[in-house]
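Note sheet for the following structure.
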Amino acid sequence: MLVLSRQKEQTIVIGDDVRITIVEVKGDKVRLGIEAPRNVTVHREEVFLALAAGEPARRAA
């Protein structure tokens, strides 16, 4: 695992076409902005695992 330190508005680039930008840091939460091509799926890990297990997708409340 690569561990990086970034500050607000700094970006991490993955491959040629995925960019992750730190949008906000508030307490113990970090908001990320993710830019990726439409053919690249992006999920939170818990959603990814639920989909992999065949569970129906649930909308956030």
Side-chain angles (χ1 to χ4, degrees):
M1 174 187 301
L2 173 64
V3 178
L4 301 172
S5 296
R6 299 279 72 200
Q7 296 179 2
K8 184 178 175 183
E9 298 182 10
Q10 291 183 326
T11 298
I12 298 165
V13 178
I14 300 173
D16 293 329
D17 50 9
V18 177
R19 299 171 60 86
I20 301 173
T21 302
I22 309 305
V23 175
E24 180 180 35
V25 179
K26 194 182 273 189
D28 64 347
K29 293 194 177 194
V30 177
R31 294 184 68 209
L32 304 173
I34 302 170
E35 296 176 53
R38 289 195 176 272
N39 66 325
V40 175
T41 59
V42 178
H43 296 293
R44 296 186 324 264
E45 183 179 30
E46 62 273 18
V47 172
F48 174 81
L49 294 173
L51 292 170
E55 298 176 21
R58 290 184 273 158
R59 308 248 337 133

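What you see is a predicted model, and the numbers here were worked out from it, not measured in a lab.
Among residue pairs with one or both ends in residues 8-20, none qualify as salt bridge (charged side-chain N to carboxylate O under 4.0 Å, His left out); sequence neighbours excluded. Pairs passing the salt bridge (charged side-chain N to carboxylate O under 4.0 Å, His left out) check and including a residue from residues 29-40, sequence neighbours excluded, read Glu24-Arg31.
The side-chain contact (heavy atoms from CB on, under 4.5 Å) search around Ala36 returns Val18, Val40, Val42, not counting sequence neighbours. With sequence neighbours excluded, no residue forms a side chain to side chain donor-acceptor pair (under 3.5 Å) with Gln7. Checked against side-chain contact (heavy atoms from CB on, under 4.5 Å), Leu49 has the following partners two or more places apart in sequence or in another chain: Glu45.
With rounding to the nearest 0.5 Å, the separation of CD1 in Ile22 from CG in Leu32 is 5.0 Å. For the atom pair CD (Gln10) and CD1 (Ile20), the distance works out to 14.0 Å, reported to the nearest 0.5 Å.
Under the 4.5 angstrom side-chain criterion for Ile, Leu, Val, Met, Phe, Trp and Tyr, Val13 has no cluster partners at all.
By the rule that hydrophobic residues join a cluster once side-chain heavy atoms approach within less than 4.5 Å of another member, Ile12 and Val3 end up as members of separate clusters.
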